[in-house]
Colleague: 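Below are the structure tokens for one structure; questions will follow.
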Amino acid sequence: MEDPSPLIRQRIEKYEQLKREFNLVHFPNTFRKDTDIETFIALYGTRDAEELAGVKTVHRLAGRIMASRKFGKASFIHFQDSTGRLQAFFEMAKVGERPYELFKKLDIGDIIGLWGAPFKTKTGELSVYVEGFELVTKSYRPLPEKWHGLRDVETRYRQRYVDLIVSPEVRRTFVTRSRIISAIRAYMDERGFLEVETPMMQAIPGGATAKPFRTHHNALDMDLYMRIAPELYLKRLLVGGFEKVYEINRNFRNEGISTRHNPEFTMMEFYHAYADHEDLMRFTEDMISHVAREVLGTTVITYQGQEIDLGAPWARMTLKEAACAVGGVAPEVLEDRAKALSFCSKAGIEVSGGESLGDLQLAIFEKTAEDKLVGPVFITSYPREVSPLSRPNGNDPSVVDRFELYIAGREIANAFSELNDPVDQRSRFEEQVRRKEGPGEVDEDYIRALEYGMPPAAGEGIGIDRLVMLLTDSPSIRDVILFPLLRKGDLP
RNA sequence: GAGCCAGUAGCUCAGUCGGUAGAGCAUCGGACUUUUAAUCCGGUGGUCGAGGGUUCGAGUCCCUCCUGGCUCACCA
């Protein structure tokens, strides 16, 4: 910033003056702590004042000053580190007259290192009886107001670092996010899945139908696409002989932004050879209920006021059953293209007229039933036309062996038995090209891979952000992504 | 991309009918040895998102634009 506000100029000048006056090192990196606040509280939190009076152990702690109550010759501050928040007591008689003068000039937001023994105040709050301290990092910018915190959502997203400093619940959400992902990794690893990494930059953006982001490699003079899904690469690995693989990573889709969509989002995809979609339903309900227990200690969650039990087993319903039973659609509408078309126009579903019956069935399901599926529920038997990578059902070739998982009205996972017939796969790709869906060209190398033989398998994608939203009761995907995409722009 | 709503001090917010821009917190100076949004006294701080228009006069009314939120569309 070229012209810092008076407040910031004032702080910079103040720091210069403090350094001169108290002979301080400029932004030092010499303080070392030996105790986290969480540990300190765990050691002493339950002991009473008399017991603590006998504890002479000096701990070195560090953190950011979040609140202060200063008096002439003694003061209290609250400071926080990554593990918690603690009160510290500064007494002129203890730290000395000069250091106390320095202390009184510290600001909320400054990072301080301090050492002292535990004690309990008159009100019974565990605190550090400070023997000495160092100004570790000067904060030039004032923090948001202590009582209301940071309310402005734009600032919260653009300056997440400030949001994290002042909003404990935001920190908690992102810690939970990390634990969820760790629990998933552990679950997969324990079951013999191999975590792999496949290209984020692809010459042919396959595996889904979203619009890709385009980029360019200069040295190769080659256009590339940010991946919209890792699917086709993961299945190449099945051809290569890995039988259980997974990847947790970003996908990029050049589509709209909403409370449920961010242009880059995190997906776990996994593939299991010698398994089918039925196996994956059991696997999924077990995994997600397991993760909920690991991270939250329960399978019963409350999402936006609605109680949902993630305990297995989960309900199952075909797409048509859901449209009828949940969406209130008359069964014959789903069996006749003309009736389906007229239903769509009445229901306000946009149609071009070129849709197949399967396209219409899916559109009707999504319009009428999707957001009512509190679940958890597996929706099965998707139309073949909307599932170009799925294996057709053995009894009814109009549908495929696929399911989507719905919880709280949202699609959380999509899975199917994989199509491993290269001839059928080629014709589905060609059909996509004809219908101008997908990448616009056949991924010949993927077909070639299938021609070598891919073992029968099932695969699944789980939207990690949405799962985290569910388990952290977050209404918007931006609440579970540290730095959600916003228009380029700076705050004044 | 469309509709609706919002933008005032570093932060959280008032601002009536168009008539001299306010409060609390933060910050600065002073008092204060057990506070919990400490308290008390005094002070600093504003391109009212940007630009244009109407008017004697605009934070307030009108237009355009910017940014964000929500809903819808696309998508997962």
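Labels below follow one simple rule: chain letters A, B, ... track the order of the sequence lines, proteins then strands, and each chain is numbered from 1.
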Colleague: Taking atom P in both B:rG3 and B:rA9, what distance in whole Å separates the two?
Modeller: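 Taking atom P in both B:rG3 and B:rA9, they lie 29 Å apart.
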Colleague: Just how far, in rounded Å, is C1' of B:rA73 from NZ of A:K367?
Modeller: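 My rounded result for the distance is 10 Å.
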Colleague: Counting only Watson-Crick pairs (N1-N3 plus N6-O4 or O6-N4) and G-U wobbles (N1-O2, O6-N3), all under 3.5 Å, who is the partner of B:rC61?
Modeller: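 With both distances under 3.5 Å, B:rC61 matches B:rG53.
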Colleague: Base, sugar-phosphate or nothing for A:K211? Non-hydrogen atoms, less than 4.0 Å.
Modeller: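 The answer is sugar-phosphate, as A:K211 gets under 4.0 Å only of primed atoms, P, OP1 or OP2.
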Colleague: Quick one: A:L150 CG to B:rG7 P, roughly how many Å, whole number?
Modeller: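 Answer to the nearest Å: 17 Å.
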Colleague: Find the distance between CD (A:E411) and CZ (A:R260) and round it off to the nearest 0.5 Å.
Modeller: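 Here the rounded value is 12.0 Å.
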Colleague: For B:rG10, give its Watson-Crick or G-U wobble partner with both distances under 3.5 Å, or none.
Modeller: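 Across all strands, the one nucleotide that pairs with B:rG10 is B:rC25.
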Colleague: Within 45° of the ring axis of A:Y100 and under 6.0 Å from its six-membered ring centre, is that where the NZ or CZ of A:K104 lies?
Modeller: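 So A:K104 doesn't make the cation-pi contact.
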Colleague: Determine whether the side chains of A:D110 and A:Y140 contain a donor N or O and an acceptor N or O closer than 3.5 Å.
Modeller: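 Per modelled atom types, A:D110 and A:Y140 side chains form no pair under 3.5 Å.
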Colleague: Give none if B:rG68 has no partner; otherwise give the nucleotide forming a Watson-Crick or G-U wobble pair with it, both distances under 3.5 Å.
Modeller: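 Partner of B:rG68: B:rC5.
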Colleague: Using the C1' atoms only, state how far B:rG46 lies from B:rU71, rounded to an integer number of Å.
Modeller: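 It comes out at 35 Å once rounded to the nearest Å.
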Colleague: Within the 4.0 Å heavy-atom criterion, would you say A:G256 contacts the bases, only the backbone, or no part of the nucleic acid?
Modeller: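 The residue A:G256 makes base contact.
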Colleague: Could you please name the partner base of B:rA37, counting Watson-Crick and G-U wobble pairs only when both distances are under 3.5 Å?
Modeller: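 Its partner is none (no Watson-Crick or G-U wobble pair with both distances under 3.5 Å).
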Colleague: Please state the P separation for the pair B:rC13 and B:rC74 - nearest whole angstrom.
Modeller: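 That atom pair is separated by 35 Å.
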Colleague: Can you sort out the partners of A:R435 under side chain to side chain contact (heavy atoms under 4.5 Å, CB included), two or more places apart, ordered by chain and number?
Modeller: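 A:R435 satisfies side chain to side chain contact (heavy atoms under 4.5 Å, CB included) with A:S356, A:D359, A:E385, A:E431, A:E437 once adjacent residues are dropped.
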Colleague: May I ask you to say what A:S75 touches in the nucleic acid, namely base, sugar-phosphate or nothing, with a heavy-atom cut-off under 4.0 Å?
Modeller: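 Counting heavy atoms under 4.0 Å across all strands, no contact is made by A:S75.
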Colleague: Would you kindly check if the NZ (Lys) or CZ (Arg) of A:R236 is within the cone defined by 45 degrees around the ring axis of A:Y233 and under 6.0 Å from the six-membered ring centre?
Modeller: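 Output yes; distance and angle both within limits.
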Colleague: In whole angstrom, give the distance that lies between atom CD of A:E370 and atom P of B:rC74.
Modeller: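 About 11 Å, once rounded to whole Å.
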Colleague: Verify the contact: side-chain N or O of A:S258 to OP1 or OP2 of B:rA73, cut-off strictly under 4.0 Å; return yes or no.
Modeller: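 Indeed not, no polar side-chain atom of A:S258 lies that close.
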Colleague: Counting only side-chain nitrogens and oxygens, does A:R151 get under 4.0 Å of the OP1 or OP2 atom of B:rC13?
Modeller: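 For A:R151, the contact criterion (side-chain N or O under 4.0 Å from OP1 or OP2 of B:rC13) is met.
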Colleague: Taking the same atom, P, in B:rU67 and in B:rG30, what whole-Å distance lies between them?
Modeller: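 Taking atom P in both B:rU67 and B:rG30, they lie 46 Å apart.
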Colleague: Please figure out whether A:R253 or A:S476 has its closest RNA chain B nucleotide nearer the 5' end.
Modeller: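 First, find each residue's nearest nucleotide; the 5'-ward one identifies A:S476.
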Colleague: Is A:Y157 touching bases, backbone alone, or none of the nucleic acid, heavy atoms closer than 4.0 Å?
Modeller: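 Answer is sugar-phosphate: A:Y157 comes under 4.0 Å of backbone atoms only.
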Colleague: Contact class for A:G461 (heavy atom, under 4.0 Å): base, sugar-phosphate, or nothing?
Modeller: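 Contact class for A:G461: none.
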Colleague: Is the terminal nitrogen or CZ of A:K94 (NZ for Lys, CZ for Arg) located under 6.0 angstrom from the six-membered ring centre of A:F89 and within 45° of that ring's axis?
Modeller: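 No, A:K94 and A:F89 do not form such a contact.
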Colleague: Return the value, rounded to whole Å, for the distance between atom CG of A:L126 and atom P of B:rU34.
Modeller: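 Atom CG in A:L126 sits about 20 Å away from atom P in B:rU34.
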Colleague: Ring of A:F265 versus six-membered ring of B:rA76: centres under 5.5 Å and planes under 30°?
Modeller: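 Stack criterion met.
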Colleague: Distance between the P atoms of B:rG10 and B:rC4, in whole angstroms?
Modeller: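 Comparing P positions in B:rG10 and B:rC4 gives a spacing of 31 Å.
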Colleague: Roughly how far apart, to the nearest Å, are B:rU20 and B:rA26 at atom C1'?
Modeller: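 Taking atom C1' in both B:rU20 and B:rA26, they lie 27 Å apart.
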Colleague: Would you call the rings of A:F365 and A:Y406 parallel, tilted or perpendicular, taking 30° and 60° as the class edges?
Modeller: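 Plane angle over 60°, so perpendicular.
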Colleague: Consider the side chain of A:E255, meaning its heavy atoms from C-beta on, and name the nucleotide among B:rU34, B:rC74, B:rU33 that approaches it most closely.
Modeller: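 Within the option list, the nearest is B:rC74.
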Colleague: Within this structure, what is the CD1-to-P distance between A:I8 and B:rG45, rounded to whole angstrom?
Modeller: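 Taking atom P of B:rG45 as the reference, CD1 of A:I8 is at 17 Å.
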Colleague: Would you say the base of B:rU35 stacks on A:F76 (centre-to-centre below 5.5 Å, plane angle below 30°)?
Modeller: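 The ring of A:F76 is stacked on B:rU35.
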Colleague: Taking only N and O in the side chain of A:R478, is any of them less than 4.0 Å away from OP1 or OP2 of B:rG69?
Modeller: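 Checking B:rG69 against A:R478, a side-chain N or O does come within under 4.0 Å of OP1 or OP2.
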Colleague: Going by the angle between their ring planes, with limits at 30° and 60°, are A:F270 and A:F283 parallel, tilted or perpendicular?
Modeller: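 Because their plane-to-plane angle lies in the 30° to 60° range, the rings of A:F270 and A:F283 count as tilted.
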Colleague: Does a side-chain N or O from A:R69 land closer than 4.0 Å to OP1 or OP2 of B:rU39, or not?
Modeller: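 Result: no.
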Colleague: Without decimals, in angstroms, what is the distance between A:R158 CZ and B:rG68 P?
Modeller: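 From A:R158 CZ to B:rG68 P: 5 Å.
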Colleague: Can you sort out the partners of A:D286 under salt bridge (Lys or Arg N to Asp or Glu O under 4.0 Å), two or more places apart, ordered by chain and number?
Modeller: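 Applying salt bridge (Lys or Arg N to Asp or Glu O under 4.0 Å) to A:D286 gives none.
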Colleague: How close or far is atom P of B:rU34 from atom CD of A:E91, stated in whole angstroms?
Modeller: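 Checked: the CD to P distance equals 10 Å.
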Colleague: Would you say A:R141 places a side-chain N or O within less than 4.0 Å of OP1 or OP2 belonging to B:rG10?
Modeller: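 No, outside the criterion.
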Colleague: Provide the distance between the two P atoms, one in B:rG43 and one in B:rA38, to the nearest whole Å.
Modeller: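 The same atom, P, in both gives a distance of 23 Å.
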Colleague: Which part of the nucleic acid, if any, lies within reach of A:R156 when heavy atoms closer than 4.0 Å are counted: base, sugar-phosphate only, or nothing?
Modeller: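 Touches nothing.
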Colleague: Could you tell me how far B:rC61 sits from B:rA2 if I compare only their C1' atoms? Round to whole Å.
Modeller: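 Straight-line distance between the two C1' atoms is 26 Å.
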Colleague: Is any side-chain nitrogen or oxygen of A:R260 closer than 4.0 Å to OP1 or OP2 of B:rA76?
Modeller: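 It does not, given that no N or O in the side chain of A:R260 lies less than 4.0 Å from OP1 or OP2 of B:rA76.
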Colleague: Is A:K120 touching bases, backbone alone, or none of the nucleic acid, heavy atoms closer than 4.0 Å?
Modeller: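 Nothing, no heavy atom under 4.0 Å.
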Colleague: Using the ring of each side chain (for Trp, its six-membered ring), is A:Y446 parallel, tilted or perpendicular to A:F429, with breaks at 30° and 60°?
Modeller: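 Ring orientation, 0 to 90° scale: tilted.
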Colleague: For nucleotides 23-27 of chain B, tabulate all protein N/O to nucleotide N/O atom pairs closer than 3.5 Å, reporting atom names and distance.
Modeller:
unit_1 : atom_1 : unit_2 : atom_2 : d
B:rC25 : O3'    : A:K146 : NZ     : 3.4
B:rA26 : OP1    : A:K146 : NZ     : 3.0
B:rU27 : O2'    : A:Q10  : OE1    : 2.4

Colleague: What is the separation between atom CD on A:E154 and atom P on B:rG68, rounded to the nearest whole Å?
Modeller: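 From A:E154 CD to B:rG68 P: 6 Å.
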